[in-house]
Every structure is written in C-alpha cells, then in structure tokens.
Protein chains: 2
Amino acid sequence: MAARKENSTYSRNEKNLVECDLTYAINKIGGRWKLQILSELESGKQRFGDLSKKFPFVTERMLTLQLRALEQDGLVKRTVYAEIPPRVEYALTEMAIELGPLLKQLSDWGSRHRHHILKVAAM
Amino acid sequence: MAARKENSTYSRNEKNLVECDLTYAINKIGGRWKLQILSELESGKQRFGDLSKKFPFVTERMLTLQLRALEQDGLVKRTVYAEIPPRVEYALTEMAIELGPLLKQLSDWGSRHRHHILKVAAM
DNA sequence: GCCATTACTTACATATTTGATAGTTCCCTA
DNA sequence: TAGGGAACTATCAAATATGTAAGTAATGGC
C-alpha cells in the first residue's frame with residue numbers, strides 16, 4: 001500500500017512477472033478489501049460513508065487506501081461534489097464491471113466448498 | 001503466512017467476515033503466489049524442483065509456505081515418495097480444478113486491459 | 001461563536017509477510 | 001570418503017501492510 005522501494009527484492013520480483021497476464025490481473029485486485037469493495041459497488045455507486053458503514057471492521061484509513069488504489073488502477077471512478085459537507089461518490093468503471101461474473105463465480109465456488117467442509121466436519 | 005496472533009485486529013477482522021462466501025474464497029487464494037502456482041499445476045502434477053524452476057524469483061522458502069497453505073486449504077495434494085534423494089509431487093485437488101475456468105477468465109481480463117492501457121499510453 | 005457533518009490526512013506504533021543465508025537428512029556415486 | 005542431489009527447515013533481518021488516535025476544512029444550523 002505504501003510506496004514500494006525501487007529495487008527491493010519485492011519490486012524486482014514484481015517486474016519479473018510483468019509479462020504474465022494473470023499476475024497483472026492479480027496485482028490489480030489483490031488488496032485486502034478490493035474485491036469486497038468492487039462487489040459492493042456492483043449494486044451501484046456509493047458514497048464513502050456508505051461503504052464505511054458496509055464494512056464496519058475496515059478502518060477509514062484502509063478504506064481510503066484501497067479506494068485510491070482501485071482508482072489508480074482504473075477500476076473505480078471517484079466523483080467529488082463541491083458541497084459542504086463534502087460528498088464523494090464511487091462507481092465501477094467498465095473494466096471493473098467486466099469482473100462481475102468472475103466475482104460471482106468466485107463467490108459461488110466459496111459457497112460450494114464452505115458447505116462441503118461444514119458437512120465433513122460434522123461427521 | 002506465519003501464525004496469526006489470536007485477537008490481533010487482523011484476525012478479528014477476518015472473523016467478522018467468515019460469513020461471506022466471497023471473502024472465504026479470497027482468503028484461500030489470496031497468497032502472494034498461490035494463483036500462479038495453481039495455474040502452473042493445471043498442466044499436471046509437478047515436483048517441488050520443477051515449480052521452483054518455473055518461478056525462479058520465488059524463494060524456496062516462499063514456495064514451501066505457499067504450497068503448505070494450499071495443501072492446508074485442500075487445494076493441492078502433496079505426495080511424498082520415500083526415495084533418496086526425496087521426491088515430492090504436487091497436484092491439484094478437485095476443488096482447485098474447479099477454479100481453472102476462473103483463472104482463465106482472470107488472465108484474459110488482464111490481457112485485455114493490459115493492451116488497452118498500452119495503447120492509451122502510446123498516444 | 002459553537003457544534004455537527006463528511007471525507008479524508010497525518011504521524012506514529014504494531015503486525016505480518018517476505019527475503020537472505022545457512023544448515024539438515026539420507027543414500028548413492030565417483 | 002568427499003561430494004551431490006532433493007526438498008525442505010531454522011533463524012534473523014528487512015520490508016510492507018494495517019491499526020490507532022488525532023486533526024483538518026468549510027459551512028449551515030443553533
């Protein structure tokens with residue numbers, strides 16, 4: 001989340017993988033709350049405060065950071081209304097909307113196997 | 001990757017989300033190299049050394065940790081052959097195989113938008 | 001004037017993840 | 001009998017990610 005030091009092994013590793021589409025994608029969506037936020041925004045644009053209420057366990061700081069990162073990566077559009085008190089709305093971009101089906105499938109996969117495990121554990 | 005301290009905010013947050021299928025799924029696949037490893041194993045079982053060669057920028061330690069986590073989560077099956085020198089093979093489980101199409105889509109998505117960005121940047 | 005509101009930002013402290021490096025084990029081969 | 005191979009494990013030191021607490025700005029309502 002913080003700026004990564006040039007030339008740390010961390011960033012060298014990342015550069016090594018820039019050729020891989022999968023890794024490229026993973027880097028864009030691989031933050032602590034990014035997918036959850038995207039999923040939440042699928043139902044339509046929302047204000048910062050709304051999101052914050054939806055994720056009470058995510059600190060404002062974290063929410064801000066994740067939203068900023070998503071914005072940087074072109075997955076979320078941020079609109080500021082010059083009002084007092086301020087109003088800021090977040091919406092998915094086209095690119096992010098395309099991820100919708102994927103999120104659905106991932107969620108379904110989670111659902112399927114979560115239940116499976118519960119069943120097994122009950123035996 | 002290391003044991004998480006009980007009751008750290010980190011783990012409290014995680015508990016809060018146990019009800020969400022999406023989050024459940026994300027937690028299983030959200031390691032530094034997990035998806036890449038799964039993707040690599042789609043072509044068939046492979047030995048530790050093979051994987052290590054495929055990912056030269058991933059240290060053995062990291063590879064071990066990621067594989068262990070995947071094993072724990074039931075995504076990878078580990079088979080040890082009692083030979084000298086040792087031989088260990090890793091293969092996807094059913095659950096992981098189901099993720100295949102998803103990985104493909106994610107990769108395609110990455111590919112699509114990577115090129116888009118390159119085009120834009122060139123203008 | 002004083003407070004509430006909203007969407008942050010800043011500074012500092014912890015927690016967690018990853019890397020670097022060295023060492024282990026056991027047999028087989030030269 | 002020294003060395004090599006495979007798949008790790010252990011330990012310590014970075015680096016990164018996240019949490020906590022407090023503060024900011026501008027304005028309308030009291």
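A, B, ... follow the sequence lines: proteins, then strands. Residue 1 opens every chain. These values consider heavy atoms only, across backbone and side chains, with no hydrogens, waters or symmetry-generated copies.
- In this structure, A/Tyr81 does not reach the D/dA26 phosphate: none of its side-chain N or O atoms is under 4.0 Å from OP1 or OP2.
- Side chain of B/Ile84, nearest nucleotide from C/dC27, D/dC8, C/dA11: C/dC27.
- Each of A/Pro86 and A/Arg68 lies near DNA chain C, and the nucleotide nearest A/Pro86 is the one positioned closer to the 5' end.
- Regarding A/Leu63, its CG atom lies at a distance of 14 Å from the C1' atom of D/dG19, rounded to whole Å.
- Using a 4.5 Å heavy-atom threshold, the side chains of A/Ile29 and B/Leu106 count as touching.
- Between A/Pro85 and B/Pro85, it is A/Pro85 whose nearest contact on DNA chain C lies nearer the 5' terminus.
- A/Gln66 places its CD atom 14 Å from the P atom of C/dC8, with the value rounded to the nearest Å.
- Remark: C1' of D/dT24 and CD of A/Glu60 are 13 Å apart, rounded to the nearest angstrom.
- Relative to the side chain of B/Thr59, the nucleotides D/dA6, C/dG19, C/dA7 differ in distance, and C/dG19 lies closest.
- Between B/Lys53 and B/Arg61, it is B/Lys53 whose nearest contact on DNA chain D lies nearer the 5' terminus.
- A straight line from CD of A/Glu89 to P of C/dT6 spans 14 Å, rounded to a whole angstrom.
- The phosphate of C/dC8 (OP1 or OP2) has a side-chain N or O of A/Arg78 nearer than 4.0 angstrom.
- Of the charged side-chain nitrogens involved, none lies within less than 4.0 Å of a carboxylate oxygen, so that A/Asp108 and A/Arg112 do not count as a salt-bridged pair.
- Ion pair B/Glu89/B/Lys45 flagged as a salt bridge, since at least one NZ, NE, NH1 or NH2 atom sits closer than 4.0 Å to an Asp/Glu carboxylate oxygen.
- At whole-Å resolution of the value, CZ in A/Phe48 and P in D/dT24 are 19 Å apart.
- Of the candidate nucleotides C/dA20, C/dT18, D/dG19, C/dT18 has the atom lying nearest to any side-chain atom of B/Arg32.
- Atom pair A/Phe57:CZ and D/dT18:P shows a separation of 14 Å (rounding to whole Å applied).
- B/Glu83 has its CD atom 13 Å from the P atom of C/dC27, to the nearest Å.
- Taking atom CG on A/Leu67 and atom P on C/dT9, their separation rounds to 11 Å, with Å as the unit.
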Exercise for the section: Give the C-alpha distance, both sets of side-chain angles, the deciding distance and a yes or no for side-chain contact (heavy atoms from CB on, under 4.5 Å) between B/Ile37 and B/Phe55. Expected result: CA-CA 9 Å; B/Ile37 291 171; B/Phe55 301 112; 4.2 Å; yes
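- Within the 4.5 Å cutoff, no side-chain heavy atoms of B/Thr93 are placed close to those of B/Val76.
- Note on A/Arg47: a side-chain N or O is less than 4.0 Å away from OP1 or OP2 of C/dA7.
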